[in-house]
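Worksheet: one structure, shown below.
Atom set for the values below is all heavy atoms of this structure, side chains included, hydrogens, waters and symmetry mates excluded. Letters A, B, ... are given to chains in the order of the sequence lines, protein chains preceding strands, and every chain is numbered from 1. As the structure is a computational prediction, the values presented were derived from the model and not from experiment.
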Amino acid sequence: MSLLKPTEQERVRIEKLKQLKLKGINPYPARVPYEISIKEILSEFRQFTETELSTAGRILSIRSHGKSTFMDIDDGTGKIQIYLRVDDLGEDRYGLIELLDIGDFISVRGIPFLTRTGERTIRVHSYILAGKSLHPLPEKWHGIKDIETKARQRYLDTLANPESKLLFQTRSKIIQAIRKFLDSRGFLEVETPILQPLYGGAFARPFITYHNTLEMNLYLRIATELYLKRLLVGGFPKVYEIGKNFRNEGIDHNHNPEFTALEVYQAFSDFEGMMRLTEELIRFVAKESIGKESISYNEENIDLEQPFRRRKLTELIKEKTGINVPETKKEEIAAYCQKERIEFNENASYWKLVDEIFKHKVEPELIQPTFVVEYPVETSPLAKRTEENPNFVERFELFIAGRELANAFSELNNPIEQAERFLEQQKARESGDVATESFDEDFLLALEYGMPPAGGMGLGIDRLITVLTGANSIREVILFPLLRRKQR
RNA sequence: GCCCCAUUAGCUCAGUUUGGUAGAGCAACUGACUCUUAAUCAGUGGGUCGAAGGUUCGAGUCCUUCAUGGGGCACCA
């Protein structure tokens with residue numbers, strides 16, 4: 001693993017490094033000839049035959065036939081075969097390819113031609129080592145399978161597994177498509193603080209850090225919501241932010257402590273408007289990134305093209321469990337939880353229990369895109385109440401493939417009521433709830449100046465990517481997911 | 001934090017049932033080979049079997065603890 005105790009193969013490479021030095025060859029030159037990428041050569045191959053050119057790449061395989069040698073080299077844009085012959089290079093330079101290994105970078109100058117079997121190849125007139133590799137690369141045929149190595153040494157994963165490289169290219173496309181969609185609709189991309197004196201906008205425990213000069217504790221943000229809404233106050237009617245949130249909680253196939261989220265806010269819109277926006281956004285992004293509006297998931301086909309279903313939270317609960325919310329008494333619901341082996345906190349509130357049931361019984365079955373609506377005010381301290389029933393708020397969550405992807409509501413812009421809601425959160429905190437909204441006076445001050453009625457939406461980008469790429473876990477779509485430190 | 005599973009050569013994996021000399025392919029090394037392409041042919045080397053204890057005449061294999069990863073539960077939108 002480390003060169004402190006090299007394996008046999010690593011010792012061989014270090015020895016070759018010494019040999020190169022003895023021959024006056026710099027194994028890590030600052031620059032090498034590279035006029036044209038391999039992708040360009042391949043795409044206009046006919047145009048380049050009979051023209052001398054230079055390119056470079058990493059050696060992926062070596063097939064030596066005595067006085068001639070074939071190699072495959074890859075510069076990250078593509079892979080091409082090169083052909084080296086002793087009568088082209090001379091005995092000395094040809095002999096030096098003994099010092100090259102799979103994994104090394106070389107720059108070659110030569111003429112593209114087609115081999116007998118039609119393989120696009122460069123006949124090399126001269127070459128120069130562009131960078132020595134001191135470890136053997138993972139095996140060419142099976143790539144690298146160990147999930148832990150894939151995550152810890154992502155460079156080996158993307159090097160050895162083309163599908164893994166493609167996935168991260170798709171990830172980039174997805175985020176690009178989100179920007180394209182929102183920009184084209186006149187949304188302004190902004191950046192708000194990651195280091196916050198107070199955290200809010202979600203129920204989660206934060207990471208805490210410290211600023212030396214200011215001598216103050218700071219929190220890594222758990223959401224961007226409260227700052228983006230300040231911008232609504234400040235006269236930006238359509239804003240969005242794409243960035244990392246940090247939540248100090250467990251890790252599983254749906255949760256990484258740092259994750260990428262989108263939040264969008266639109267003045268004079270509401271949760272209905274956000275529903276339309278979200279649906280169109282996801283459809284657009286799917287088409288742009290994976291080129292289709294359907295995904296296969298566990299042998300089922302997820303259809304993003306049809307209008308997304310809209311279902312009431314209470315109806316879904318009733319269908320699945322027969323429980324009538326909110327008529328059914330808390331004791332009965334608790335009894336149901338016990339019967340179904342759903343664990344819950346002793347002093348959990350009514351809606352907390354309902355939420356537990358929803359998570360265990362309903363959520364995993366929401367495979368097709370489903371907007372769930374009618375959430376209780378109790379668990380939505382930043383959302384506006386519905387006009388018909390003050391116990392509920394204008395809010396939806398979007399579920400696809402049994403996962404929560406998005407959360408949106410008509411934003412509460414009444415500062416008096418917001419203050420009351422914060423107070424209720426404080427009470428919940430005092431009675432032992434660890435994940436509540438902070439009482440954010442600075443945010444309230446902004447609301448007091450007047451925030452336009454607005455819709456806001458948050459979307460977990462990593463989860464969206466997981467669904468669109470068919471990945472099994474959020475860890476597979478994050479380049480460097482958080483892992484425990486490995487001791488040697 | 002709790003339960004279950006995995007960890008063997010650089011990589012991919014056998015071997016664990018029933019304890020008895022550590023295996024294969026690729027990669028590496030030596031030799032042959034001037035259109036090969038998972039090149040081929042002949043040969044060679046490479047292991048703290050995740051770590052530490054224990055049981056045993058003898059442990060990759062059985063037991064305990066620990067580490068890392070995975071799955072589940074809990075926590076957590």
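- The C1' atoms of B/G1 and B/U61 are separated by 31 Å, rounded to the nearest whole Å.
- Here the side chain of A/R310 pairs no donor or acceptor atom with the backbone of A/F371 at under 3.5 angstrom.
- In this view, A/F439 and A/F422 satisfy the ring-ring contact (aromatic ring centres under 6.0 Å, His included) rule, not counting sequence neighbours.
- Using a 4.0 Å heavy-atom criterion, one finds that A/R475 contacts the sugar-phosphate atoms exclusively.
- Taking atom NE2 of residue A/H255 and atom C1' of nucleotide B/G72, one finds them 15 Å apart after rounding to whole Å.
- Heavy atoms of A/R13 sit nowhere under 4.0 angstrom from any nucleic acid atom.
- At the heavy-atom level, A/D72 lies nowhere under 4.0 Å from the strands shown.
- OP1 or OP2 of B/U36 has not a single side-chain nitrogen or oxygen of A/R63 nearer than 4.0 Å.
- One can place CD1 of A/I59 at 14 Å from C1' of B/A27, the figure rounded to the nearest angstrom.
- Minimum atom distance to the side chain of A/T121 is reached by B/U36, of the listed B/U30, B/U36, B/G10.
- A side-chain donor-acceptor contact under 3.5 Å links A/T224 and A/E263.
- Each of A/I144 and A/S68 has a nearest nucleotide on RNA chain B; the 5'-most of these lies closest to A/I144.
- Distances shorter than 4.0 Å separate none of the side-chain N or O atoms of A/H360 from OP1 or OP2 on B/G72.
- Here A/Y94 lies out of heavy-atom contact (under 4.0 Å) with every strand.
- Rounded to whole angstrom, the span from the CG atom of A/D101 across to the P atom of B/C29 amounts to 6 Å.
- With rounding to whole Å, A/H142 atom NE2 is found 11 Å from B/A24 atom C1'.
- Between the side chain of A/D75 and the backbone N or O of A/G78, at least one donor-acceptor pair lies under 3.5 Å.
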Practice prompt. Starting from the C-alpha separation in whole Å, work towards a yes-or-no answer on side chain to side chain donor-acceptor pair (under 3.5 Å) for A/S164 and A/N161.
Written response: CA-CA 5 Å; A/S164 193; A/N161 303 323; 5.3 Å; no
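- Not one side-chain nitrogen or oxygen of A/R11 sits closer than 4.0 Å to the OP1 or OP2 atom of B/G10.
- Of the two residues near RNA chain B, A/T149 and A/G66, the one whose nearest nucleotide lies more 5' is A/T149.
- Summarising the geometry, the separation between CG on A/L60 and C1' on B/A39 is reported as 16 Å, rounded to the nearest angstrom.
- At a threshold of 4.0 angstrom between heavy atoms, the contacts of A/T379 with the nucleic acid are absent.
- Between A/K145 and B/U7 there is no side-chain polar atom (N or O) within less than 4.0 angstrom of OP1 or OP2.
- For B/U36, the base has a donor-acceptor partner in the side chain of A/Q81 [N/O atoms by modelled type, under 3.5 angstrom].
- Between the CD atom of A/E98 and the C1' atom of B/A32 there is a distance of 13 Å, given to the nearest Å.
- Between B/U68, B/A38, B/C35, one nucleotide has an atom nearer to the side chain of A/R116 than all others, and that is B/C35.
- Classification of A/R171 and A/D462 as a salt-bridged pair holds, one side-chain N sitting under 4.0 Å from a carboxylate O.
- Taking atom P on both nucleotides, B/A67 is separated from B/A52 by 15 Å, rounded to a whole Å.
- At the heavy-atom level, A/L137 lies nowhere under 4.0 Å from the strands shown.
- Among the heavy atoms of the strands, none lies under 4.0 Å from A/G460.
- Side-chain atoms of A/E8 lie closest to B/G46 of the nucleotides B/A27, B/G46, B/C75.
- Take A/S61 and apply the side-chain hydrogen bond (donor to acceptor under 3.5 Å, both in side chains) test, not counting sequence neighbours, and it matches A/R63, A/D72.
- Side-chain nitrogen and oxygen atoms of A/K67 include none within less than 4.0 Å of the OP1 or OP2 phosphate oxygen of B/C33.
- Rounded to a whole angstrom, the distance from the C1' atom of B/U44 to that of B/U17 is 35 Å.
- Residue A/R485 places no side-chain N or O under 4.0 Å from the OP1 or OP2 atom of B/U68.
- Side chain of A/T117, nearest nucleotide from B/C26, B/U37, B/C29: B/U37.
- Separation of the P atoms belonging to B/C62 and B/G25 is 27 Å when rounded to the nearest angstrom.
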Worksheet item: salt bridge (Lys or Arg N to Asp or Glu O under 4.0 Å) between A/E404 and A/K359: does it pass, once the steps are laid out?
Response: CA-CA 10 Å; A/E404 178 205 335; A/K359 259 192 280 189; over 6 Å; no
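- Taking atom CZ on A/F113 and atom C1' on B/U37, their separation rounds to 12 Å, with Å as the unit.
- Rounded to whole Å, atom P of B/U7 lies 13 Å from atom CD of A/E148.
- Side chain of A/E119, nearest nucleotide from B/U37, B/C35, B/C26: B/U37.
- In this structure, A/D87 reaches the bases: a heavy-atom distance under 4.0 Å links it to at least one base atom across the strands shown.
- For B/U68, its base never sits under 3.5 Å from the side chain of A/R484 at any donor and acceptor pair.
- Contact annotation: side chain of A/Q9 to base of B/A27, donor-acceptor pair present below 3.5 Å.
- Across all strands, A/K150 comes closer than 4.0 Å to no nucleic acid atom at all (heavy-atom distances).
- No donor-acceptor contact under 3.5 Å links the side chain of A/S61 to the base of B/U37.
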